[in-house]
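Read through the structure below, which is laid out as structure tokens, and then see the notes.
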Protein chains: 2
Amino acid sequence: MLSKSSKYGIRGVLYLALNSNENRKFSPTTIAKYIGVPAPFLAKTLQLLTKNHLVSSSKGRHGGFYLSDKNKQNSLIAIVDCIDGLDKFESCIIGLPVCSNENPCPMHDRLAPLRRAMVEELTNKSIEEFTNDLRSGKTHIFL
Amino acid sequence: MLSKSSKYGIRGVLYLALNSNENRKFSPTTIAKYIGVPAPFLAKTLQLLTKNHLVSSSKGRHGGFYLSDKNKQNSLIAIVDCIDGLDKFESCIIGLPVCSNENPCPMHDRLAPLRRAMVEELTNKSIEEFTNDLRSGKTHIFL
DNA sequence: ATATAAAAAGATAAAAATATCTTTTTATCT
DNA sequence: AGATAAAAAGATATTTTTATCTTTTTATAT
């Protein structure tokens, strides 16, 4: 449904949302150890997110990845869009080049609204907001 | 969202649902031409579906692929399950090994119901039933 | 200034998905 | 029986995704 790259990316970003700030930065190795994903692959993904201003980083000694307050206001859909693109949520489920409300494929009318709803769920909540339930233990990213 | 294999498979099956029966069979080449997908790849997929009794075929002269009346009573979810498996709809959206109602990831509560609904939409309607809208022109698989 | 520790960039490798081609098997027509 | 036309099976090729490793750049502490 999502690529591994997106999955790792979201988990990494949520880890940083929970633990990092301008003066608490983390190496990909550390993050990877905590969230249980391959470190060099996560590093690549974090670099991509950094290049697109969804994650912050500083080089050199005491450098590392972190989320700025501004980064934390983004939604998770921005992460998915940056890594996978949104095509998988927006293009025809059976791959027809033409599929719209006017010219629907057989599943369009029933599935398009559900897919739109999924995108909305990832759009309407900031990364920051997702951390509330994580801090209270209602949800988790570690198990 | 679905693999190309599943997309082609569904399109091929719907084509057969519309046009084939025990004495009207089609070669992968013919089907592929109509639905606009690579013929040898479609052939592989149809062979897999045939092996799992979701599509029928006969070898030799005047052979080809077709859907029996029984095949037409299956749901599209059976096609997807056979080709891709249902994991992508059932496992954690961010790939956590543990993610359930009791131990949810941050998106679980909002996304799991939507994914379940998608599976239901593909479950509650037979392939046969999908052909009604296709015949009346309300939906299409050709554009 | 120099050493150091970190991200960034680049190169390479392995695995999976997609795509094509060739050979074998099989049913049926003549 | 032999020729034919089709699926089935197998082999190969290409592309994309996933994963790792190496080199370069850069900020900072000493």
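Atom set for the values below is all heavy atoms of this structure, side chains included, hydrogens, waters and symmetry mates excluded. Predicted model only: the values in this text are computed from it and were never measured. Letters A, B, ... mirror the listed sequences (proteins, then strands); counts begin at 1.
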When you measure from the side-chain N and O atoms of B/His62 to the phosphate of C/dA27, is any distance below 4.0 Å, counting only OP1 and OP2?
no
If a pair means Watson-Crick or G-U wobble with both distances below 3.5 Å, what does DNA chain C look like in dot-bracket form, with | marking bases paired to a different strand?
||||||||||||||||||||||||||||||
Is B/Ser57 close enough to D/dA8 that one of its side-chain N or O atoms is under 4.0 Å from OP1 or OP2 there?
yes
According to salt bridge (Lys or Arg N to Asp or Glu O under 4.0 Å), does anything in residues 53-73 of chain A pair up with another residue at least two apart or in another chain? List the pairs.
none
Apply ring-ring contact (aromatic ring centres under 6.0 Å, His included) to the pair B/Tyr15 and B/Phe26, showing each step before the final yes or no.
CA-CA 10 Å; B/Tyr15 179 88; B/Phe26 294 86; 5.5 Å; yes
Quick one: A/Phe65 CZ to C/dA5 C1', roughly how many Å, whole number?
14 Å
Could you identify which residues of residues 32-54 of chain B place a heavy atom less than 4.0 Å from some atom of DNA chain D, listed by residue number, or say none?
B/Lys44, B/Gln47, B/Thr50
Please list, by residue number, the residues of residues 82-95 of chain A whose heavy atoms come closer than 4.0 Å to an atom of DNA chain C; answer none if no residue qualifies.
none
Do B/Asn101 and B/His108 have side-chain atoms, one donor and one acceptor, less than 3.5 Å apart?
yes
Sequence neighbours excluded, which residues qualify as side-chain contact (heavy atoms from CB on, under 4.5 Å) partners of B/Thr139?
A/Pro104, A/Pro106, B/Asp133, B/Leu134
Atom CG of B/Leu2 and atom C1' of C/dT18 are separated, to the nearest Å, by 15 Å
Distance check: side-chain N/O of B/Lys25 vs OP1/OP2 of D/dA7, anything under 4.0 Å?
no
Answer whether the closest heavy-atom distance between the side chains of B/Leu42 and B/Arg11 falls below 4.5 Å.
no
Pairs where residues 85-104 of chain A contributes a residue and the test salt bridge (Lys or Arg N to Asp or Glu O under 4.0 Å) is met, not counting sequence neighbours:
A/Asp84-A/Lys88
State which residues pass side-chain hydrogen bond (donor to acceptor under 3.5 Å, both in side chains) with B/Thr29; sequence neighbours excluded, sorted by chain then number.
none
Residues passing the side-chain hydrogen bond (donor to acceptor under 3.5 Å, both in side chains) test with A/Ser58, sequence neighbours excluded, are A/Lys25
Enter the distance from B/Ile31:CD1 to B/Ser20:OG here, rounded to the nearest 0.5 Å.
8.0 Å
From C/dA19, C/dA6, D/dA7, nucleotide with atom closest to B/Pro28 side chain
D/dA7
Taking only residues two or more places apart in sequence or in another chain, which ones pass side-chain contact (heavy atoms from CB on, under 4.5 Å) with B/Lys44?
B/Gln47
Let me confirm one number: the CG-CZ distance from A/Leu114 to B/Arg116, rounded to the nearest 0.5 Å.
12.0 Å
Students often get this wrong, so: under 4.0 angstrom with heavy atoms, is A/Tyr66 touching a base, only sugar-phosphate, or nothing?
nothing
Does B/Tyr8 make a side-chain N or O approach to OP1 or OP2 of C/dT18 shorter than 4.0 Å?
no
Residue list, side-chain contact (heavy atoms from CB on, under 4.5 Å) with A/Thr45, at least two apart or on another chain:
A/Ser5, A/Leu49, A/Ile83
Among residues at least two apart in sequence or on other chains, which ones pass side-chain contact (heavy atoms from CB on, under 4.5 Å) with B/Thr131?
B/Ala17, B/Leu18, B/Glu128, B/Arg135
Between the protein and nucleotides 24-26 of chain C, which nitrogen or oxygen pairs are less than 3.5 angstrom apart?
none

Spatial distance of atom SG (B/Cys92) from atom CG (B/Asn103) [nearest 0.5 Å]
11.0 Å
Residue whose closest nucleotide on DNA chain D lies nearer the 5' end, A/Ser6 versus B/Phe26:
B/Phe26
